[in-house]
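Structure record follows, encoded as structure tokens.
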Amino acid sequence: MFAYYIVRKFNKYYILQFQVRVDMGEPILNAPDVPTKLPANKDDSVVKSELVVDGLTWNVTCVSMGNPHCVTFGTKGDQKLVVDELNLAEIGPKFEHHAMFPARTNTEFVEVFSRSHLKMRVWERGAGATLACGTGACAVVVAAVLEGHSDRKCTVDLPGGPLDIEWREEDNHVYMTGPAEVVFYGSVPL
């Protein structure tokens, strides 16, 4: 699906941008299926559980969107995480390779602005700090709902731009809406 259309009008070219909505499926919350070795503390899920990383106790919620995510809104007793103040290159690998995550994990650090507006930075397993992570943004909203930080429909700010995420109660699916951008044009001789 093309996200941009180029229109010629009066010898000028205009780029029209369209939003794309994707059904990301149902979140996986069962701890062994995420996978995490953290003990389940809410039904079969890990919600706002304590995880010690580099001497600090973090509150984490574990979600899989087809890949493992460890979502944190801050350390135990901390009032509000400010994600732009994090040294992601230092703390990210310590979460990724933590013994509680047998398949390693993506980690989302989240700042709450309101019940419908969140900001995240992500450390992706095997890739490091990235500008965006769609499955991570979906995991963030699921974790935010489970922890009582947000409603089921939120805008999530990422360094690469915002995404609109909705975790629908009717079908338990997570829907992601955002812009798609052309990153390459090319041709292949046959």
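Atoms considered below: every heavy atom in the structure, side chains included; atoms not considered: hydrogens, waters and symmetry mates.
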### Task
Examine F73 and L56 and state if one hydrophobic cluster contains both, with Ile, Leu, Val, Met, Phe, Trp and Tyr joined whenever side-chain heavy atoms are less than 4.5 Å apart.
no

### Message
Using only atom types and a distance under 3.5 Å, with no angle test, would you say the side chain of N59 pairs donor to acceptor with the backbone of E50?
### Response
no

### Task
Nearest 0.5 Å please: distance from the CG atom of L38 over to the NE2 atom of H98.
7.5 Å

### Task
Could you please spell out the steps behind the side chain to side chain contact (heavy atoms under 4.5 Å, CB included) verdict for L131 and L158?
CA-CA 7 Å; L131 295 176; L158 300 91; over 6 Å; no

### Task
Measure the OG1-CG distance between T36 and L51 for me, rounded to the nearest 0.5 Å.
7.5 Å

### Sub-4.5 Å side-chain heavy-atom contact between V142 and L29
yes

#### Entry: hydrophobic_cluster_shared for V34 and F95, side chain cutoff 4.5 Å
no

### Query
Where do A99 and K37 come nearest, in terms of heavy atoms and distance?
O-CD, 3.6 Å

### Message
Quick check for you: to the nearest 0.5 Å, what is the distance between W123 atom CH2 and F109 atom CZ?
### Response
9.5 Å

### Query
H117 vs F113 aromatic rings, parallel, tilted or perpendicular, using cut-offs 30° and 60°?
tilted

### Message
For residues V141 and L81: do they belong to one hydrophobic cluster (side chain heavy atoms under 4.5 Å, members Ile, Leu, Val, Met, Phe, Trp, Tyr)?
### Response
no

### Query
Any side-chain heavy atom of K119 sitting closer than 4.5 Å to one from D84?
yes

#### Entry: Check: E108 side chain, M120 main-chain N or O, donor-acceptor pair, under 3.5 Å
no

### Task
Say whether, by atom type as modelled, one donor and one acceptor occur between the side chain of N41 and the main chain of V47 under 3.5 angstrom.
yes

### Task
Report the distance from atom CG of L118 to atom CD of E111, rounding to the nearest 0.5 Å.
10.0 Å

### Query
Do F101 and C70 have side chains that get closer than 4.5 Å, going by heavy atoms?
yes

## Note on the structure
Heavy atoms of E124 and A132 approach each other most closely as OE2-O, 3.3 Å

### Message
Please report the interatomic distance CH2(W58) to NZ(K48), rounded to the nearest 0.5 Å.
### Response
14.0 Å

### Task
Please report the closest heavy-atom contact between V63 and P27, naming both atoms and the distance.
CG1-CB, 4.1 Å

### Message
With a 4.5 Å cut-off on side-chain heavy-atom distances among I, L, V, M, F, W and Y, is there a chain of contacts connecting L146 to V71?
### Response
yes

### Query
If you round to the nearest 0.5 Å, how far is OG1 of T61 from NE2 of H149?
7.5 Å

### Task
Over all heavy atoms of both residues, which pair between L163 and A137 is shortest? Give the atoms and the distance, please.
CD1-CB, 4.0 Å

### Task
May I have the step-by-step check of salt bridge (Lys or Arg N to Asp or Glu O under 4.0 Å) for E166 and R21, ending in yes or no?
CA-CA 10 Å; E166 179 182 9; R21 184 173 193 211; 3.4 Å; yes

#### Entry: Closest heavy-atom pair and its distance - G134, M176
CA-SD, 3.5 Å

#### Entry: Any donor-acceptor pair under 3.5 Å from D33 side chain to P35 backbone
no

### Query
Given side chains that start at C-beta, do those of R168 and R152 come closer than 4.5 Å, heavy atoms only?
no

### Query
Tell me, do S64 and T135 make a side-chain contact under 4.5 Å, heavy atoms counted?
no

### Task
Give a yes or no on whether the backbone of G148 and the side-chain of R115 come within a donor-acceptor separation of less than 3.5 Å.
yes

### Task
Might you point out which heavy atoms bring D54 and E90 nearest each other, and give the distance in Å?
OD2-OE2, 4.1 Å

### SB check E96 R125 (cutoff 4.0 Å)
no

### Message
Counting only heavy atoms from other residues, nucleotides and ligands, does the tally under 6.0 Å from NZ of K76 exceed 12?
### Response
no

### Query
So if you build clusters from Ile, Leu, Val, Met, Phe, Trp, Tyr with side-chain heavy-atom gaps below 4.5 Å, do W167 and V22 land together?
yes

### Close side-chain approach of M100 and V60, heavy atoms under 4.5 Å
no

